[in-house]
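For the single chain, residues carry numbers from 1 onward in sequence order. Fair warning: this is a prediction, and the values are worked out from it, not measured in the lab.
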Amino acid sequence: EVTMTSKSAGKSNPVPAAEGGSLFVLHTVRSARVKVLALHPTEPWIFVGLYDGGVTQHDYNSHEKIAVYDEHEGPVRGLDCHLTVPLLVSGADDQKIKVWSIEDRKCRYTLSGHLDYIRSTIFHQTKPWILSGSDDKTARLWHTGTRTLIATLTGHSHYVMRAEFCQTEELIVTASLDKTVRVWKYTARASDDTSVSTSVLFILERHERGVNWASLHARLPLIVSAGDDKRVVLWRHETAEGRAWEVDSIEMHTNNVSAAIVTRDEQILSVGEDKALVAWSISARVGRKHKLPGRGWTLVQHPAKAIYAAGHDEGFSLFRLRRNRPVYAVRGDLLYYVKGNYLFERDINLASGAPIMLVHAGAETLSAVSLEINSTGEWALLMVVNQDDLTRVAHLFYIGTAPSDAPGGRRLTADEANAAQQALDGRPRKNAQPANVGAQPGRAGAEQTDTPRTSVEPADGPDSTARPSTEPPAAATPEYSDPLPFACTSASESAVWVGPRRFASLYRNGNLALVNVKNATLRVSYPETRPFRLFPAHEGRVLAIDAAAVSLLSARTSSVRSSVRVAGVRRVVWSNRHSHVALLTKTSVVLCDAQLTILARAEETVHIKAGAWDGDAFVYSTLKSIEYLRITGSHGTLEQLQEPLYISHVRDGVVYGLNRKGSLRRVVIDTRVYRSRSAFTLVSSSPVPPSSPSSLRGLSTSLGGSLAMDGGRLGQLEDGRLSVTDSRLSVQDGRL
């Protein structure tokens, strides 16, 4: 279970367990009870409808509240952003629908007509319509141009809790406390969108108590409903043939289910009054339960991105279901990265890379966490998340070309690599099977049988049985005659290389094991701290990350050689000769020497993605730009970014990195910005008396150009960092 709580308002969850599970929490805000949420289609904004009657607007990149809309009197339960026009619609217990301008944050007009609380409001994506559902047992269709009511959907015998448009067909779905879900067909004249007729296509009856939510899939003919019977039901409909049926029933909640949605990658998310969020895979029929800080009331997914938000008693949480950053490792000019279920190898100087190994043969995408390549480039350590119990597992693969005496997989042949590339590019392969969601429906937790389920009777048609999907063929994983051999260290929280054929493995109980490539444990030690993550260091040592500090440990004895108090470290990047190390937290970069003495620090207001060393400067990327930080403390911006870049190399004024799709990108930068400041810099921890030549001992120097002297006198240095007079310079053993 992953706890989606925050230690302070407006902060994302710093607990690393969120990264190890299936939820990646991006932003958490504490507030009054949240009843409804809406995500802006293009900007990083989330709109929050509160029980106290207000609507707030937040920037989830900068973690700031930027606006308040507060003209409603009573809880706001309906909220939606228009897809193309800067408009926001809200509905509340004051029986009013308000349409707001997001640009000036003012109410443009108010729609009145409902006789009771308004439960939902939503824009049509292409037509000038607003759909609302209310406790007056009706759903109503409004025209935004004429600002009038154009249709009323009647038939429910209790509160209409949810009303929603279908994105692919002329359908409306409504959910009611009368225990039913209704699917409506609407027809509008081609020349007049103010004249609309509606009729009921299906009445879906499966819930034993009131239905709180019904939602449609963005692409597939699927409907998901959630009710007070603690159940989430998945339905499939065939509009042309006038029939629908139940596909699956999920019973993982222990209290009323408030909301449920079907994601674009065929997962069902639901929240309930049991303070739980459930993620259910439709294809694998496996669910995972996550804790919420309070009772869950609403769910929303981004119109274009794989971002979701859940509203609860204590505020809201913004999250992803899958890891967003690419998993990669660097060795010289070679870049290794995981894309799909394959391990790729690429020379940054060449035009393209190629898959070299299949690292996962399952139907679902591999949930990789980290990748480590040994010093000889023959072995790869891949940390993955076991989706059954959310534990981490280290897979060991042999990626060398020479024969090996240990198991660990094999490189792909040319034909297999080509087939893998085709699958990743989305080109269908021969004999690929079509997606078949709902073709053989079954009950969650029950054994599958060949007996068809009872169909749901349409409002104007007979019963029918399930039929296969008409989805186009999907790209399949190439099949191999041999299995995927690898050495596996069970329950390993983290694993890094400490030698050419040895790695350190951190277990869940806190023990540190030294293991060879044959998966034989050589030694077990017990760290004094309780680290939850390991990073590589000098040979025979590891960097251990705990909640408040970073420690340099001996991989053999776990003894602490040095440590530094830096909390929340997520990434570690060493310089080429291991003389300096960069510690990356969510919003800060800390540069240290090899003994973990802090040399420089930079703070950012947005998330830091990745970085690489270029001499004594560390070049890193944030969500919006490429920055640099030198060990002397100078810091600045090099380039603005249009998309997030995960930097792997900096070579000759070119920054190399992967985007979120796993494609290599190159960005040209002006290195003179930070190299010109390296002409000559002295760093001293104490004042230097002008009359004492011996006081120059112990000063560190970085020479990037010539030094001008006049009569043996050293003038004021750049930036006024240090001025020494009446002292001569001498060089002994490479020291100034």
Side-chain angles (χ1 to χ4, degrees), residues 330 535-538 543 545 548-552 561-639 645-650 653 655 657 669-688 696 698-705 716-724 735-736:
V330 174
F535 286 100
H538 326 292
L543 280 178
I545 312 298
V550 179
S551 302
L552 185 64
R561 301 303 176 90
S562 58
S563 64
V564 60
R565 292 191 65 82
V566 179
V569 173
R570 297 184 171 191
R571 311 279 175 260
V572 169
V573 184
W574 285 92
S575 61
N576 290 337
R577 298 183 178 180
H578 280 74
S579 58
H580 297 94
V581 62
L583 308 177
L584 278 62
T585 70
K586 185 170 63 178
T587 57
S588 65
V589 176
V590 180
L591 303 186
C592 303
D593 61 16
Q595 301 304 316
L596 300 185
T597 301
I598 296 179
L599 304 177
R601 182 192 295 265
E603 298 288 340
E604 301 289 346
T605 58
V606 294
H607 289 187
I608 294 171
K609 300 302 179 181
W613 287 89
D614 186 19
D616 67 346
F618 184 70
V619 180
Y620 62 95
S621 60
T622 69
L623 190 66
K624 302 178 180 179
S625 62
I626 297 178
E627 311 279 330
Y628 75 88
L629 175 64
R630 294 186 57 239
I631 60 175
T632 57
S634 59
H635 169 250
T637 301
L638 295 171
E639 196 71 33
L645 181 70
Y646 298 87
I647 297 176
S648 61
H649 299 80
V650 181
V655 173
I669 60 172
D670 186 1
T671 59
R672 294 175 298 177
V673 174
Y674 55 84
R675 285 181 177 173
S676 62
R677 298 193 177 190
S678 303
F680 190 79
T681 304
L682 294 176
V683 182
S684 176
S685 59
S686 60
V688 180
L696 290 174
L699 294 177
S700 61
T701 174
S702 174
L703 294 174
Q716 186 174 2
L717 299 180
E718 184 184 355
D719 298 332
R721 288 182 59 81
L722 183 64
S723 179
V724 181
R735 298 180 65 85
L736 178 64

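- For His578, the side-chain contact (heavy atoms from CB on, under 4.5 Å) partners two or more places apart in sequence, or in a different chain, are His538, Trp574.
- The side-chain hydrogen bond (donor to acceptor under 3.5 Å, both in side chains) test applied to Ser579 returns Ser575, not counting sequence neighbours.
- The closest side-chain heavy-atom distance from Phe535 to Val581 is not below 4.5 Å.
- Every residue meeting the side-chain hydrogen bond (donor to acceptor under 3.5 Å, both in side chains) condition with Ser625, not counting sequence neighbours, appears here in chain and number order: Thr622, Glu627.
- Annotation: side-chain contact (heavy atoms from CB on, under 4.5 Å) contacts of Ser648 (sequence neighbours excluded): Tyr328, Val330, Leu335, Tyr656.
- In terms of heavy-atom proximity, Arg630 sits nearest to Ala617 at CG-CB, 3.8 Å.
- Between Val569 and Val590, the closest side-chain pair of non-hydrogen atoms is not below 4.5 Å.
- In this structure, the separation between NZ on Lys624 and OG1 on Thr605 is 7.0 Å, given to the nearest 0.5 Å.
- Here Ala567 pairs with nothing under the side-chain contact (heavy atoms from CB on, under 4.5 Å) rule; sequence neighbours left out.
- The shortest non-hydrogen separation linking Ala602 to Tyr620 is CB-OH, 3.8 Å.
- Considering every non-hydrogen atom in both Leu543 and Val550, the closest pair reads CD2-CG1, 3.9 Å.
- Here the CG-NE2 distance, from Leu584 to His607, works out to 13.0 Å after rounding to the nearest 0.5 Å.
- To the nearest 0.5 angstrom, Lys609 atom NZ is 10.5 Å from Lys586 atom NZ.
- The ring-ring contact (aromatic ring centres under 6.0 Å, His included) check on His580 picks up Trp613, with sequence neighbours excluded.
- Not counting sequence neighbours, the partners of Ser551 by the side-chain contact (heavy atoms from CB on, under 4.5 Å) test are Thr529, Leu553, Val560, Ser563.
- With sequence neighbours excluded, no residue satisfies salt bridge (Lys or Arg N to Asp or Glu O under 4.0 Å) with Asp593.
- Of all heavy-atom pairs spanning Ala612 and Val573, the tightest one is CA-CG1, 4.3 Å.
- Going from atom CG of Leu638 over to atom CD1 of Ile669 covers 5.0 Å, rounded to the nearest 0.5 Å.
- Taking OH from Tyr646 and CZ from Arg571, the interatomic distance works out to 8.5 Å, rounded to the nearest 0.5 Å.
- Among Leu599, Leu591, Val619, the one residue that satisfies the side chain to side chain contact (heavy atoms under 4.5 Å, CB included) test with Leu629 is Leu591.
- In this structure the side chain of Thr637 never reaches within 4.5 angstrom of the side chain of Ile626, judged on heavy atoms.
- A search for side-chain hydrogen bond (donor to acceptor under 3.5 Å, both in side chains) contacts involving Asp670 returns Arg672, not counting sequence neighbours.
- For the pair Thr597/Cys592, no side-chain contact is recorded, criterion being any heavy-atom separation below 4.5 Å from C-beta on.
- Interatomic distance, Glu603 CD to His635 NE2, rounded to the nearest 0.5 Å: 10.0 Å.
- Counting heavy atoms from C-beta outward, Asp614 and Tyr628 have side chains that stay 4.5 Å or more apart.
- The side-chain heavy atoms of Leu583 and Val572, taken from C-beta on, include a pair separated by under 4.5 Å.
- Looking only at distances, a side-chain donor or acceptor of Ser621 sits under 3.5 Å from a matching main-chain atom of Leu645.
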>> Would Thr587 and Val606 count as a side-chain contact (heavy atoms from CB on, under 4.5 Å) here? Give the steps.
In response: CA-CA 6 Å; Thr587 57; Val606 294; over 6 Å; no
